[in-house]
Structures are given as C-alpha cells and as structure tokens.
Amino acid sequence: MTKLTKSKLPKTSLIIPIYNEAGHLFDFLEKIDALKIPTAKELVFIDDCSKDESRTILKQFSFRSEHQLIFQEKNQGKGAALQRGIQAATGDIIIVQDADFEYDMEEIPMLIEPVASGKADVVFGSRFKKDGRQVHRTFHYLINRFLTILSNFLSGLYLTDMETCYKVFRSEIIKNIHLESKRFGFEPEVTAKVGRLKVRVQEFPISYYPRNYLEGKKITWKDGVAALRHIIYYNWFAPKKDFFSKDIPEKFIPRGANWL
C-alpha cells in the first residue's frame, strides 16, 4: 500500500445510512469507530427516522472519531439518506457503508487507497469479481449479474457488481452529481451518471456475508424491478444536462460534451 505523508493526508468520509438497526448497532459502532484507515476519518450517520432504539444508541455512543449525526424527520429511503450525508460530508474522499456486517469494513483501506494516492477517481468493491473464495445464493447472483450486465451495456462501464454497497468517490465528483433516487435506486443512478464522466474507475474483489430478512435485510424483489427501471431511465431517457452541477471540475468533463 502506498504510504501517505502527513502533509498530504486527505480525509475520508464514511456515509452510513441507518434504519432500524438497533439489534446490532452498538457492536457496529464500536467496530467502525475503531477502524484504522490510511487517511483521516469522518463518520457521517444518517438515521432515516428509525422506529426502534437506533437513535438512542447513536446519541449515547461515545465516539472517538470525528463524526456527524443527522436525523431525518421522516423516513425517506436509503437514497435520500445518502444524498443528505454526501452533501454534509467534509472529506476529500467519500465511501458508502451500510450499518451492518454484510461487508467487511477491514477492506475499506484497500478500496480508498487508489483514490487517496491519486491512481483512481472512483472505486467499486465487487462481490462477484473472482477471488476464489466467495459462494453466493444462485437467485441473488443471477439477478445481480443481469442488472450489472444491462448497466454495463448502457453506461459503457465494464463492472462485475454495479449493485455493490462499497463505492468510493473523490468528493469533488460525487458532491457535484445531482442524485434523485430516494430508495435503492442510488446504485444504478450513480453508476449511469459516473459513466458519463471522464474518470478513472477501478474495481476490487470484496467479501460479502449476506443476512436474511429475519436479520433485518430490507431490499426486496420490488427493488430489483425498480433497479431495472432506473438503469433504463438514467442511461437512455433522463436529460443528461441535469446530471451534474456547474461546479464539477472541467477535467472530468469529456471533450465535446454539451450537456453542461
């Protein structure tokens, strides 16, 4: 791993949406608070109007890390929570982190290193990139592969896992993307919009430990249908001139683009 000097040390903001995660939230907070990464660290929690004790746990936890606690007044969905967290973040690098243990947070240093060292602008963590270890449920695998292949065909990005939680961005990129999806459409929407930019994208294999619905998993088959709709809409029909802020750095705009 490339070493970063103190004078050049950037900050990474972990955007963590929360909805009814009280059953394991304290253990998760202890682990994410203690996590060591090769940059400065900011934790940005967005509670999406949880109905359980999640808010109380967040308020009472004694953080050692720099952090922000944001509380939505009504439940709006994961995408809406991410939008608010991204805009509130103060880091140079932004990564999405779910508030559970489906993903191995110890792999975050590997994912942010290419961005921190200037080798990449966006990094995807892939549950399906071959690493010789991971075994997946057949139905889950096939649905995700279908959605990723369709997204690849329309966006021009060759990925193995578009629907992954772990996505890392330079903040100057993600903060200047206009995001609209309120629920789980964030993944296909942001992928379609990143695909329109002149950015360096890398993808690395990650571990994945899926939980079931009794354990709190919230995504359903309806979200798969919605993802299909989002892929088609944002790649084909959505007006491209509305994708980005006027403040997005010119270096990320493809030559000849006329949608800004």
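Values in this document were obtained by computation on a predicted structure and should not be read as measured data. Residue numbers run from 1 in the order of the sequence given.
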Please name the pair of heavy atoms, one in Asp27 and one in Phe101, separated by the smallest distance, quoted to 0.1 Å.
C-CZ, 3.8 Å

Nearest heavy-atom contact between Arg64 and Asp33 is N-OD2, 3.1 Å

Keeping the roles fixed (side chain from Glu203, backbone from Gly125), state whether a donor-acceptor pair exists under 3.5 Å.
no

Measure from the side-chain N and O atoms of Ser13 to the backbone N and O of Gly91, and report whether any donor-acceptor pair falls under 3.5 Å.
yes

Examine distances only and state if a side-chain atom of His178 and a backbone atom of Asp242 form a donor-acceptor pair shorter than 3.5 Å.
yes

Does Arg255 have any salt bridge (Lys or Arg N to Asp or Glu O under 4.0 Å) partners at least two apart in sequence or in another chain, and if so, which?
none

With distance as the sole test, does Ser54 use its side chain to make a donor-acceptor pair with the main-chain N or O of Ala22 at under 3.5 Å?
yes

Mind checking the NZ-OG1 spacing from Lys41 to Thr12? Nearest 0.5 Å is all I need.
10.5 Å

Rounded to the nearest 0.5 Å, what's the gap from SG on Cys165 to CG on Asp100? Could you check?
7.5 Å

Across all chains, not counting sequence neighbours, the salt bridge (Lys or Arg N to Asp or Glu O under 4.0 Å) partners of Glu189 are Lys193

Give, for atom CZ of Phe153 and atom CG of Asn235, the distance between the pair rounded to the nearest 0.5 Å.
10.5 Å

Any heavy-atom pair between the side chains of Pro38 and Pro109 that's under 4.5 Å?
yes

Do Phe186 and His230 pass the side-chain contact (heavy atoms from CB on, under 4.5 Å) test, and can you show the C-alpha distance, the side-chain angles, and the key distance before you say yes or no?
CA-CA 9 Å; Phe186 170 81; His230 282 96; over 6 Å; no

Within the side chain of Gln83, is there an N or O that forms a donor-acceptor pair under 3.5 Å with the backbone of Ser181?
yes

Can you check side chain to side chain donor-acceptor pair (under 3.5 Å) on Asp247 and Asn176, steps first, answer last?
CA-CA 7 Å; Asp247 296 326; Asn176 286 301; over 6 Å; no

Pairing donors with acceptors under 3.5 angstrom, does anything connect the side chains of Glu107 and Ser207?
yes

In the structure I gave you, are the side-chain heavy atoms of Lys78 and Arg183 within less than 4.5 Å of one another anywhere?
no

For Arg196 and Ser155, indicate whether the former's side chain and the latter's backbone hold a donor-acceptor pair under 3.5 Å.
no

In the structure I gave you, are the side-chain heavy atoms of Ile112 and Val123 within less than 4.5 Å of one another anywhere?
no

Taking C-beta and beyond as the side chain, do Arg170 and Arg200 meet within less than 4.5 Å on heavy atoms?
yes

Check whether any side-chain heavy atom of Phe124 sits under 4.5 Å from a side-chain heavy atom of Thr191, and report yes or no.
yes

I need the minimum non-hydrogen distance between Val44 and Ile46, along with the two atoms involved.
O-CD1, 3.6 Å

Using a 6.0 Å distance limit plus a 45 degree cone around the ring axis, check whether Lys51 lies over the aromatic ring of Tyr19.
no

Do NZ/NE/NH1/NH2 and the carboxylate oxygens of Arg145 and Asp161 come within less than 4.0 Å?
no

What distance separates Leu43 CG from Gln68 CD, expressed to the nearest 0.5 Å?
10.0 Å

Salt-bridged, Asp92 to Lys11, with N to O below 4.0 Å?
no

Non-hydrogen atoms of Ile15 and Gly85 that approach each other most closely:
CD1-O, 3.5 Å

Please confirm whether the backbone N or O of Asp52 pairs with a side-chain atom of Ser50, one donor and one acceptor, at under 3.5 Å?
no

Are Leu157 and Ile149 connected in a single hydrophobic cluster, I mean Ile/Leu/Val/Met/Phe/Trp/Tyr linked by side-chain heavy atoms less than 4.5 Å apart?
no

Residue set satisfying salt bridge (Lys or Arg N to Asp or Glu O under 4.0 Å) with Arg55, at least two apart, ordered chain then number -> Asp47

Chi angles and distances behind the ring pair (Phe, Tyr, Trp, His ring centres under 6.0 Å) call for Phe63, His67:
CA-CA 8 Å; Phe63 289 98; His67 66 282; 4.3 Å; yes

Taking the side chain as C-beta and beyond, is there a heavy-atom pair between Leu82 and Leu179 under 4.5 Å?
no

Interatomic distance, Leu29 atom CG to Phe26 atom CZ [nearest 0.5 angstrom]:
8.0 Å

Are the side chain of Glu42 and the backbone N or O of Thr90 linked by a donor-acceptor pair below 3.5 Å?
yes

Checking the side chain of Asp121 only, and the main-chain atoms of Val199 only, is there a donor and an acceptor separated by less than 3.5 Å?
no

With a 4.5 Å limit on heavy-atom distance, are the side chains of Phe204 and Leu111 in contact?
yes

Checking Lys240 side chain against Ala238 main chain: does a donor-acceptor pair fall under 3.5 Å?
yes

Value for CZ (Phe45) from CD (Gln97), rounded to nearest 0.5 Å, stands at 9.0 Å

Can you find a heavy atom in the side chain of Ile231 that is under 4.5 Å from one in the side chain of Leu154?
yes

Classify the angle between the aromatic ring planes of Tyr208 and Tyr103 as parallel (below 30°), tilted (30 to 60°) or perpendicular (above 60°).
tilted

Using a 6.0 Å cut-off, check whether atom OH of Tyr158 has over 12 heavy atoms from anything other than its own residue.
no

Does atom CD (Gln76) have a neighbourhood of more than 12 heavy atoms from anything else shown, all under 6.0 Å?
yes

Where do Tyr234 and Val190 land on the side-chain contact (heavy atoms from CB on, under 4.5 Å) test, with the steps shown first?
CA-CA 9 Å; Tyr234 285 110; Val190 78; over 6 Å; no

